[in-house]
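None of the values given here were measured: they were computed from a predicted structure. Along the sequence shown, residues are numbered consecutively beginning with 1.
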Amino acid sequence: QVELVESGGGLVRPGGSLRLSCAASGSFFSANTMGWYRQAPGKQRDLVATITSVHNTNYADSVKGRFTISRDNAKNTVYLQMNSLKPEDTAVYYCYANLWGDIGMDDYWGQGTQVTVSS
């Protein structure tokens with residue numbers, strides 16, 4: 001079984017920073033693309049940022065220049081450094097990982113962590 005464990009969410013004031021972490025554990029060979037998605041109330045789940053196993057990155061336009069995604073392949077962990085946070089960043093943030101296991105590739109999701117940006 002595979003589990004994605006997220007941490008780092010919370011309440012922060014506008015302009016502040018948070019760092020999210022997500023560690024993949026369980027039975028798999030390697031992690032391919034990993035990333036973060038978010039879902040605000042009444043909206044669909046949208047891509048925030050992704051990072052490949054060779055550290056190529058992709059960001060939503062709304063977070064470019066403010067967020068940085070990174071990963072530690074040895075720890076099977078992906079991070080999201082969020083700076084200059086805005087109220088519109090408020091959402092549940094979900095970790096995503098495409099993992100290679102015994103029966104091939106599959107997509108996995110974390111349980112989500114709440115990020116609230118408010119004064």
Side-chain angles (χ1 to χ4, degrees):
Q1 292 77 25
V2 172
E3 185 179 32
L4 303 183
V5 180
E6 304 171 350
S7 63
L11 175 65
V12 65
R13 294 186 180 277
S17 298
L18 286 174
R19 191 188 193 205
L20 306 183
S21 299
C22 174
S25 63
S27 181
F28 63 93
F29 298 142
S30 63
N32 301 307
T33 298
M34 304 181 76
W36 295 92
Y37 292 68
R38 66 187 181 186
Q39 187 169 19
K43 296 185 177 181
Q44 67 180 20
R45 187 176 299 185
D46 293 326
L47 181 146
V48 177
T50 60
I51 184 168
T52 71
S53 61
V54 293
H55 303 273
N56 293 320
T57 59
N58 183 51
Y59 296 92
D61 288 341
S62 59
V63 307
K64 287 181 179 177
R66 300 188 298 121
F67 291 9
T68 302
I69 190 169
S70 61
R71 65 189 288 166
D72 185 333
N73 289 339
K75 297 180 179 179
N76 294 314
T77 299
V78 62
Y79 307 93
L80 186 68
Q81 179 67 46
M82 303 184 293
N83 299 326
S84 301
L85 283 161
K86 305 174 180 179
E88 49 263 46
D89 295 317
T90 296
V92 177
Y93 283 69
Y94 295 91
C95 178
Y96 162 84
N98 178 264
L99 305 178
W100 183 263
D102 288 337
I103 61 173
M105 295 185 296
D106 207 353
D107 295 332
Y108 297 88
W109 294 92
Q111 288 297 115
T113 184
Q114 178 70 48
V115 172
T116 301
V117 184
S118 176
S119 61

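No side-chain heavy atom of T68 sits under 4.5 Å from any side-chain heavy atom of Y79. Proximity of D106 to V2: side-chain heavy atoms (C-beta onward) are nowhere separated by under 4.5 Å.
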* To do: Please assess S21 against K75 for the test side chain to side chain contact (heavy atoms under 4.5 Å, CB included), listing each intermediate value before the final yes or no.
  => CA-CA 11 Å; S21 299; K75 297 180 179 179; over 6 Å; no
* Asked: Could you walk me through whether M82 and D89 pass the side chain to side chain contact (heavy atoms under 4.5 Å, CB included) check?
  -> CA-CA 9 Å; M82 303 184 293; D89 295 317; over 6 Å; no
* Intermediate values then yes/no, side chain to side chain contact (heavy atoms under 4.5 Å, CB included), L99 and F29 -> CA-CA 7 Å; L99 305 178; F29 298 142; over 6 Å; no
* Verdict with supporting geometry, Q39 and Y94, side chain to side chain contact (heavy atoms under 4.5 Å, CB included) -> CA-CA 8 Å; Q39 187 169 19; Y94 295 91; 4.1 Å; yes
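Linking Ile, Leu, Val, Met, Phe, Trp and Tyr whenever their side-chain heavy atoms come within less than 4.5 Å puts V12 and W36 in one cluster. Taken together through direct or relayed side-chain contacts under 4.5 Å among Ile, Leu, Val, Met, Phe, Trp and Tyr, L4 and F28 form part of one hydrophobic cluster. Linking Ile, Leu, Val, Met, Phe, Trp and Tyr residues whenever their side-chain heavy atoms come within less than 4.5 Å places V78 and V115 in a single cluster.
For the residue pair N83 / S17, a side-chain donor-acceptor distance below 3.5 Å is found, with atom types taken as modelled.
Taken to the nearest 0.5 Å, the OG atom of S62 stands 9.5 Å off from the CG atom of L47. To the nearest 0.5 Å, atom CG of residue L11 and atom OG1 of residue T116 are 6.0 Å apart. Going from atom OG1 of T90 over to atom CD of Q114 covers 7.0 Å, rounded to the nearest 0.5 Å. From Q81, atom CD reaches atom CG of L18 across 8.5 Å, with rounding to the nearest 0.5 Å. With rounding to the nearest 0.5 Å, the separation of CG in L20 from CG in L80 is 5.0 Å. For the atom pair Y108 OH and M34 CE, the distance stands at 12.5 Å (nearest 0.5 Å).
Pairing each heavy atom of P14 with each of S119, the nearest pair is CD-N, 3.7 Å. Residues R71 and I51 approach most closely at NH1-O, 3.2 Å, considering heavy atoms. Closest approach of D102 to S27, counting heavy atoms only: OD2-OG, 4.3 Å. Here the closest non-hydrogen pair linking T113 and E6 is N-OE1, 3.1 Å. Closest approach of A91 and A40 over heavy atoms only: CB-N, 3.9 Å.
Ring pair Y37/Y96 is perpendicular by interplanar angle, where above 60° counts as perpendicular and below 30° as parallel.
Judged purely by atom type and a 3.5 angstrom limit, R45 has no side-chain atom pairing as donor or acceptor with the backbone of V92. Looking at N76, its side chain never comes within 3.5 Å of a backbone N or O of S25 through a donor-acceptor pair.
Of the charged side-chain nitrogens involved, at least one lies within less than 4.0 Å of a carboxylate oxygen, so that K64 and D61 count as a salt-bridged pair.
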